[in-house]
Protein chains: 2
Amino acid sequence: MPGGGEAMAVTLRDVALAAGVSPSTVSRALTVPEKVDERTRERILTLAAELGYRPNRAARGLITGRTGNLGLLVPDLANPFFPGLVKAIQARALESDYQVFVVDTDEDVALEPELIRQLAKQVDGLLLCSPRMRPATLREATEATPTVLVNRALARVSSVTFENGEGTSALIRHLAGLGHRRIGFVGGPAGSWSGAQRLRGVRTACATAGLLLHELGQVAPTFEGGTSALELVLRAPVTAVVAYNDLVAIGLSQALAERSIEVPGRISVAGFDDIPMAGMIRPSLTTVAMPLARAGSAAVDLLLRHLGEPEPRVRQIQVPTALRVRGSTGPSLGLDES
Amino acid sequence: MPGGGEAMAVTLRDVALAAGVSPSTVSRALTVPEKVDERTRERILTLAAELGYRPNRAARGLITGRTGNLGLLVPDLANPFFPGLVKAIQARALESDYQVFVVDTDEDVALEPELIRQLAKQVDGLLLCSPRMRPATLREATEATPTVLVNRALARVSSVTFENGEGTSALIRHLAGLGHRRIGFVGGPAGSWSGAQRLRGVRTACATAGLLLHELGQVAPTFEGGTSALELVLRAPVTAVVAYNDLVAIGLSQALAERSIEVPGRISVAGFDDIPMAGMIRPSLTTVAMPLARAGSAAVDLLLRHLGEPEPRVRQIQVPTALRVRGSTGPSLGLDES
DNA sequence: TTGAAAGCGCTAACAG
DNA sequence: CTGTTAGCGCTTTCAA
């Protein structure tokens, strides 16, 4: 007898043979149960279970055009902001019996389109988190496959975004309330959509509150990016710094500590994202939290609805952010008033 | 004209029609180029590119049995240990033109088998990272699909593991060198294979060095798990604690700090994994690093080789770990000698 | 070297 | 309610 090999998977046909019915009947029993006689259906279902039958989704997808999979693209899983989102999305998708395939672009903009194309073929819809690609390229990608953008907006495409501007504005108001008059802002990656939002929020709130704003350039959205901003921060006469995100804020705080500059004693630092680490360090980091679970569910729901509708109805959802006041911004010890 | 709809994908047949050849020829031009006349082939390839033809991998997979995808299962993407591994695996797979589908089990053992089954259907091979499931169940899963285990071993199944025991032994030797005589160990999840290894390493090294070992029970492999271990640690007369992993170590350090117990002044703390955060906090955490990139590449290489061979040749690779000495374990200030 | 034909596992008309 | 027929997009015999 020919060598064992991989246990040949049981197919729908095997079940049909065993049940003494046609393949179509089995198919129906599985996908449109109400169109099959109750007794036959039960027999088939039992048999299928016994034989350990598992439908081949690829084959099914070939004909229905649906795979039961969703594709999820993220720039960098090592950025602690994303895992939370990924998990929320996965959890919600699983509830609806969709499986999620996660792909990491490693912050490589050039890689995005190709990975999307590959992914698109094997999923019913795409969730694109913080895609860095240019609007034109992004639009192209969204046209080929039902897509929901997360943490980025684009005209005529459904999206779930965070109220980034509101978030940084709240941060600025909080700092103003603490007595700060001169604020520094350390920006993120050049192409970042959310970065632009955050800067806008900082600007308007500073203007409104009559604070002096020092824009301290842009750095990589990482811990190292934060440490690299040290000199810029020291050179500017600011008493508080808002960073593009928590990682940058933490890197900066660390660099300040290395120079024995007290946070928040001599300078306050705030971030954005509320990554888990923000609450684990001392002083704990004041930041802006994104309701990840809510955003993830919303994104999945949106996408699923699109899959149902023939003519996808664009919806752009904004979820509010929440200020998390913690140690790194107060109480203000001695604000220098020079 | 009928509503736009999704741009219908160009199929192999479209290319064939355009080139004036049969589908088979196009297929061959794409997959076994040497079996097609050079000029026809070139014409086909050009045309395919022009039309933007992308093979439907699902359809191809239906017949070849290969999808060009690898499946990757991880217990928790929010655990900062995993993203590094995931990224390494993805990078290496992409080089070989394989796409990686990541699925997070959310530390839910019961979920593992089902997710694996779903995944298995759509991939050529499986990479299972730190699976928590019981050996029997795990074996079942590995029998259905070519599989490589990462950070877990099982008889007659290929795997890439870390020298966990060596790592904790080195840690203990380091602590002994610092003058510690009474060591505490805070364990991880009950079913954890690597946890067992780490404990073993601690035990043998303590025995060898003549140190007193206090096994302080098991906690969740999280920051909260670490803080919850505080009382146990305080109750034991130890001057140094080795935790199951960095997250636990950090949680514990934090809890100690809250009680104004100096680390490493009054008690040293060490972790395992060398997550990014270990280097970002003060005092920075002494820990054991895993060569993630190396392990990831090795795992993918192993799996790819299996896919080539008819009779998978089991290989179990162990990659060495490296001690990272940092602030949290020294220099020892005043070890109490009572 | 190429084409015709068959079929991977499944679903979707269409009859019955 | 059920079986038959056809075919999703692709590869792979088998002949020519």
Side-chain angles (χ1 to χ4, degrees), chain A residues 5-45 47-48 51-69 117-118 120-124 144, chain B residues 5-45 47-48 51-69 117-118 120-124 144:
Chain A
E6 322 230 324
M8 203 50 188
V10 315
T11 86
L12 177 146
R13 222 172 133 254
D14 298 330
V15 180
L17 248 40
V21 297
S22 83
S24 346
T25 307
V26 177
S27 172
R28 276 188 289 256
L30 261 32
T31 54
V32 275
E34 69 275 12
K35 305 205 77 180
V36 169
D37 182 83
E38 190 181 326
R39 297 184 40 214
T40 6
R41 185 204 324 154
E42 251 171 51
R43 191 156 45 89
I44 291 174
L45 260 32
L47 225 42
L51 296 180
Y53 168 72
R54 311 244 123 212
N56 182 326
R57 296 188 122 171
R60 179 181 287 178
L62 205 50
I63 172 159
T64 60
R66 331 202 102 200
T67 60
N69 299 327
R117 267 195 292 269
Q118 300 243 339
K121 277 283 156 75
Q122 334 208 23
V123 301
D124 298 338
Chain B
E6 323 231 320
M8 202 51 189
V10 319
T11 85
L12 178 145
R13 220 170 133 258
D14 298 329
V15 181
L17 248 39
V21 297
S22 80
S24 346
T25 306
V26 177
S27 171
R28 277 188 286 256
L30 260 32
T31 54
V32 275
E34 69 275 15
K35 304 205 78 180
V36 169
D37 182 84
E38 192 179 324
R39 296 185 41 213
T40 356
R41 186 201 327 152
E42 251 170 53
R43 190 156 46 90
I44 292 174
L45 260 33
L47 226 40
L51 297 180
Y53 168 72
R54 311 239 123 216
N56 182 326
R57 294 188 125 173
R60 180 182 284 175
L62 204 51
I63 172 160
T64 59
R66 329 202 103 198
T67 60
N69 299 328
R117 267 194 293 268
Q118 300 243 340
K121 277 280 157 75
Q122 334 208 24
V123 302
D124 298 338

*Can you check whether R13(B) has a side-chain N or O nearer than 4.0 Å to OP1 or OP2 of dG9(D)?*
no

*Specify the separation, in whole Å, of atom NZ of K35(A) and atom C1' of dA12(C).*
10 Å

_Selected nucleotide, minimal atom distance to I63(A) side chain, candidates dT4(D), dC8(D), dC10(D)_ = dC8(D)

_Please give the distance between the P atoms of dC10(C) and dC1(D) as a whole number of Å._
24 Å

*Could you state the atom-to-atom distance from CD1 of I44(B) to P of dG3(C) in whole Å?*
8 Å

*Could you state the CG-P distance from L12(A) to dC8(C), rounded to the nearest angstrom?*
13 Å

*Above 12 or not: heavy atoms from other molecules or residues under 6.0 Å from CD of E38(A)?*
no

*Counting just side-chain N and O atoms, does T64(B) come under 4.0 Å of either OP1 or OP2 of dC10(D)?*
no

*asked:* In this structure, how many angstroms lie between the C1' atom of dC10(D) and the CG atom of L30(B), rounded?
replied: 11 Å

*May I ask you to decide if P33(A)'s main-chain N or O and R41(A)'s side chain share a donor-acceptor pair within less than 3.5 Å?*
yes

*Examine distances only and state if a side-chain atom of R57(B) and a backbone atom of Q122(A) form a donor-acceptor pair shorter than 3.5 Å.*
no

*Between dA12(C) atom P and R60(A) atom CZ, what is the distance in whole Å?*
9 Å

*In whole angstrom, give the distance that lies between atom CG of D124(B) and atom P of dC8(C).*
19 Å

*Given dC10(D), dG9(C), dG3(D), the nucleotide with the shortest approach to the side chain of T25(A)*: dG3(D)

_Using the rule given for side chain to side chain contact (heavy atoms under 4.5 Å, CB included), can you reason through L45(B) versus L30(B), listing the C-alpha separation, both sets of side-chain angles and the distance that settles it, and then say yes or no?_
CA-CA 8 Å; L45(B) 260 33; L30(B) 260 32; 3.5 Å; yes

*How far does the P atom of dG9(C) sit from the matching atom of dT2(D), given to the nearest Å?*
25 Å

*Specify the separation, in whole Å, of atom CZ of R43(B) and atom P of dT2(C).*
9 Å

*What nucleotide, of dT11(D), dT2(D), dC10(D), holds the atom closest to the side chain of R28(A)?*
dT2(D)

*Between S24(B) and V26(A), who's closer to the 5' end of DNA chain C by nearest nucleotide?*
S24(B)

*Residue whose closest nucleotide on DNA chain C lies nearer the 5' end, R41(B) versus A59(B)*: R41(B)

*Under 4.0 Å between a side-chain N/O of T11(A) and OP1 or OP2 of dC8(C), yes or no?*
no

*Round to the nearest Å and state the distance from L62(B) atom CG to dA6(C) atom P.*
18 Å

*For S27(A) and S24(A), test the side chains for any donor-to-acceptor distance below 3.5 angstrom and give the result as yes or no.*
no

*Among dC10(C), dG9(D), dT2(C), which is the nearest nucleotide to the side chain of N56(B)?*
dG9(D)

